Amino acid sequence: MNDAARETSALLGPAQVRELAERLGVSPTKKLGQNFVIDPNTVRKIVRLADVRRGECVVEVGPGLGSLTLGLTEAGAAVTAVEIDHRLAAELPATVAALQPDVFADAGRPRLRVVRSDALEVTGDDFTAGGAPTLLVANLPYNVSVPILMHLLELLPELRGGLVMVQAEVGHRIAARPGSKEYGSPSAKAAWYGRWSIAGTVSRKIFWPVPGVDSVLVRYERRESPLGTEPERRLTFDVVGAAFAQRRKMLRQALQPVLGAFDRTVGIIADAGVNPEARAEQLTIDEFLAIARAAARVTDPAA
């Protein structure tokens with residue numbers, strides 16, 4: 001086998017993906033947001049753009065048949081893969097061992113761990129055995145991509161960054177800036193953790209089955225220092241949620257459900273240095289935090 005053929009064999013191609021699915025009796029389902037990647041070149045592109053480093057602990061969500069998992073382990077990463085489908089979770093180690101035996105060379109500390117769980121239900125304990133994860137790289141299920149992303153960002157503050165593949169519309173919302181039409185609650189909440197940007201587009205043809213929507217790669221870079229404390233984050237997210245729940249209304253009206261009566265709400269917003277007549281899409285996450293801190297001072301003057 002020449003070098004090129006050997007390199008290609010370390011990853012899954014279209015025929016191998018379909019053969020694996022048929023052998024396991026797996027039919028990709030819309031319910032689980034399953035669209036399997038069948039192009040090795042795209043996998044390597046994702047790994048390269050994610051800046052995966054040898055020996056790094058990486059979290060992957062929804063590994064499916066193992067296309068991206070193999071790309072991550074090929075780069076030398078130690079992967080904790082979270083998979084909800086019991087058949088796929090059980091088969092993944094065998095698939096990786098067959099194509100990349102070195103991943104399991106150290107029996108005491110293999111470079112692949114599979115957590116059989118819904119990604120929305122994983123806890124910090126699920127990641128302790130594999131070492132503290134520093135990178136998130138995943139082809140996120142389209143139907144729950146934002147809730148999964150928010151859950152993992154809250155759960156794993158030690159992540160230095162990540163790269164996720166999501167539906168294009170969702171990706172542009174996550175990476176949106178204040179004042180743009182895409183900017184919303186996911187944009188503001190994501191900005192709490194760090195900087196987000198679109199790293200590239202992905203052809204529909206690299207998936208099986210071919211989805212009816214376009215996909216993008218979204219890059220995440222963690223802030224050098226936390227924006228605020230955990231209690232401040234929770235209150236800020238409450239403010240963000242209320243503001244965007246009635247995004248057409250001015251803040252002085254939209255925030256009353258979390259800040260209280262009209263005069264109190266106006267006073268808090270003004271004390272934060274924000275215009276009470278502004279609307280949610282105009283505010284940065286720092287301004288939402290300022291409102292949360294002003295509200296905390298009213299509740300507890302010592303805060």
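In this chain, numbering begins with 1 at the start of the sequence shown. Small disclaimer: the values here were computed from a predicted structure and weren't measured.
Judged by distance alone, the side chain of Arg219 and the main-chain N or O of Ile198 form no donor-acceptor pair under 3.5 Å. Arg223 places a side-chain N or O within donor-acceptor distance of the main-chain N or O of Trp192, the cut-off being under 3.5 Å. Between the Thr265 side chain and the Ala261 main chain, a donor and an acceptor come within less than 3.5 Å of each other. No donor-acceptor pair under 3.5 Å is formed between the side chain of Arg247 and the backbone N or O of Arg279.
Summarising the local packing, CZ of Arg109 is surrounded by 12 or fewer heavy atoms from other residues, nucleotides or ligands at distances under 6.0 Å. With a 6.0 Å radius and a threshold of 12 heavy atoms from other residues, nucleotides or ligands, Arg195 has its CZ atom at or below the threshold.
Pairs of residues two or more places apart, or lying in two chains, that qualify as salt bridge (charged side-chain N to carboxylate O under 4.0 Å, His left out) and include a residue from residues 171-188 are Glu169-Arg173. Residue pairs meeting the salt bridge (charged side-chain N to carboxylate O under 4.0 Å, His left out) criterion with at least one partner in residues 17-28, sequence neighbours excluded, are Arg23-Glu91. Residue pairs meeting the salt bridge (charged side-chain N to carboxylate O under 4.0 Å, His left out) criterion with at least one member in residues 115-134: none, sequence neighbours excluded. Judged as a salt bridge (charged side-chain N to carboxylate O under 4.0 Å, His left out), the pairs with a partner in residues 199-215 (not counting sequence neighbours) are, in order, Arg204-Asp214.
Among all heavy-atom pairs drawn from Val258 and Asp238, the shortest one is CG1-O, 3.9 Å. Residue Leu217 comes nearest to Leu49 through the heavy atom pair CD1-CD1, 3.8 Å, listed as atom of the first residue, atom of the second, then distance. In plain terms, the two heavy atoms of Arg293 and Glu232 that are nearest each other are NE-OE2, 2.9 Å. For Pro141 against Val61, the heavy-atom pair with the smallest separation is CD-CG1, 4.5 Å. The nearest pair of heavy atoms linking Leu235 to Ala292 is CD2-O, 3.2 Å. The shortest heavy-atom contact between Val144 and Pro147 is O-CD, 3.3 Å.
By the side chain to side chain donor-acceptor pair (under 3.5 Å) test, Arg48 is found to be paired with no residue, residues two or more places apart in sequence or in another chain being considered. Qualifying salt bridge (charged side-chain N to carboxylate O under 4.0 Å, His left out) partners for Arg54, counting only residues two or more places apart in sequence or in other chains: none. Take Arg233 and apply the side chain to side chain donor-acceptor pair (under 3.5 Å) test, not counting sequence neighbours, and it matches Glu154, Glu230. Not counting sequence neighbours, the partners of Glu277 by the salt bridge (charged side-chain N to carboxylate O under 4.0 Å, His left out) test are Arg252. Asp51 is linked by a side chain to side chain donor-acceptor pair (under 3.5 Å) to Arg53, counting only residues two or more places apart in sequence or in another chain. Considering only residues two or more places apart in sequence or on other chains, Thr134 meets the side chain to side chain donor-acceptor pair (under 3.5 Å) condition with Glu56. For Asp271, the salt bridge (charged side-chain N to carboxylate O under 4.0 Å, His left out) criterion is met by Arg297, not counting sequence neighbours.
Atom CG of Leu12 sits about 11.0 Å away from atom CZ of Phe36, to the nearest 0.5 Å. In this structure, Leu136 CG and Thr80 OG1 are separated by 11.5 Å, a value rounded to the nearest 0.5 Å. Note that the CD atom of Gln167 and the CG atom of Asn35 stand 10.0 Å from one another [nearest 0.5 Å]. If you take CD on Glu221 and CG on Leu163, they are separated by 10.5 Å, rounding to the nearest 0.5 Å. With rounding to the nearest 0.5 angstrom, the CG atom of Asp39 is 10.0 Å from the CG atom of Leu11. Between Glu287 atom CD and Leu251 atom CG the span is 9.5 Å, to the nearest 0.5 Å.
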Begin with the C-alpha distance, continue with both residues' side-chain angles, and end with the deciding distance and a verdict on side-chain contact (heavy atoms from CB on, under 4.5 Å) for Ile38 and Phe207.
CA-CA 6 Å; Ile38 59 174; Phe207 294 103; over 6 Å; no
Check against side-chain contact (heavy atoms from CB on, under 4.5 Å), Phe127 and Val82
CA-CA 10 Å; Phe127 299 99; Val82 181; 4.2 Å; yes
Assess the residue pair Arg111 and Asp106 against the criterion (salt bridge (charged side-chain N to carboxylate O under 4.0 Å, His left out)); give the C-alpha distance rounded to whole Å, side-chain angles, the decisive distance to 0.1 Å, and a yes or no.
CA-CA 8 Å; Arg111 288 194 291 111; Asp106 183 350; over 6 Å; no
Go through the steps to decide whether Val47 and Val137 satisfy the test side-chain contact (heavy atoms from CB on, under 4.5 Å), and finish with yes or no.
CA-CA 8 Å; Val47 172; Val137 186; 5.7 Å; no
Could you go through the salt bridge (charged side-chain N to carboxylate O under 4.0 Å, His left out) check for Glu74 and Arg44 one step at a time?
CA-CA 9 Å; Glu74 180 186 64; Arg44 290 197 174 96; 2.7 Å; yes
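Aromatic ring pairs are classed by plane angle as parallel below 30°, tilted from 30° to 60° and perpendicular above 60°; the pair Trp196 and Tyr220 is parallel. Using cut-offs of 30° and 60° for the angle between ring planes, the Tyr193 and Phe237 rings count as perpendicular.
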Could you pull out all donor-acceptor pairs under 3.5 Å where a side-chain atom in residues 64-73 meets a protein atom, sequence neighbours excluded?
| from | atom 1 | to | atom 2 | distance (Å) |
| --- | --- | --- | --- | --- |
| Ser67 | OG | Val37 | O | 2.6 |
| Thr69 | OG1 | Glu60 | OE1 | 2.6 |
| Thr69 | OG1 | Glu60 | OE2 | 3.4 |
| Thr73 | OG1 | Thr69 | O | 3.1 |
| Thr73 | OG1 | Leu70 | O | 3.2 |
| Thr73 | OG1 | Gln100 | OE1 | 2.6 |

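No side-chain heavy atom of Phe288 sits under 4.5 Å from any side-chain heavy atom of Val274. Side-chain contact between Glu158 and Pro133: present, with at least one pair of heavy atoms (C-beta onward) separated by less than 4.5 Å. The side-chain heavy atoms of Arg160 and Leu135, taken from C-beta on, include a pair separated by under 4.5 Å. Looking at heavy atoms from C-beta onward, Val202 lies out of side-chain contact with Val216 at the 4.5 angstrom threshold. A 4.5 Å side-chain heavy-atom check between Ile84 and Ser117 finds every atom pair outside the cut-off.
Under a hydrophobic-cluster definition in which Ile, Leu, Val, Met, Phe, Trp and Tyr are linked whenever side-chain heavy atoms come within less than 4.5 Å, directly or via other members, Leu283 and Met250 are assigned to different clusters. A continuous path of ILVMFWY side-chain contacts below 4.5 Å connects Met165 to Val213, so both sit in one hydrophobic cluster. With hydrophobic clusters built from ILVMFWY side chains whose heavy atoms lie under 4.5 angstrom apart, Leu120 shares a cluster with Val122. Cluster membership for Val17 and Val114, using ILVMFWY side-chain heavy atoms within less than 4.5 angstrom, is shared. Both Ile291 and Val298 are members of a single hydrophobic cluster when ILVMFWY side chains are connected at heavy-atom separations under 4.5 Å.
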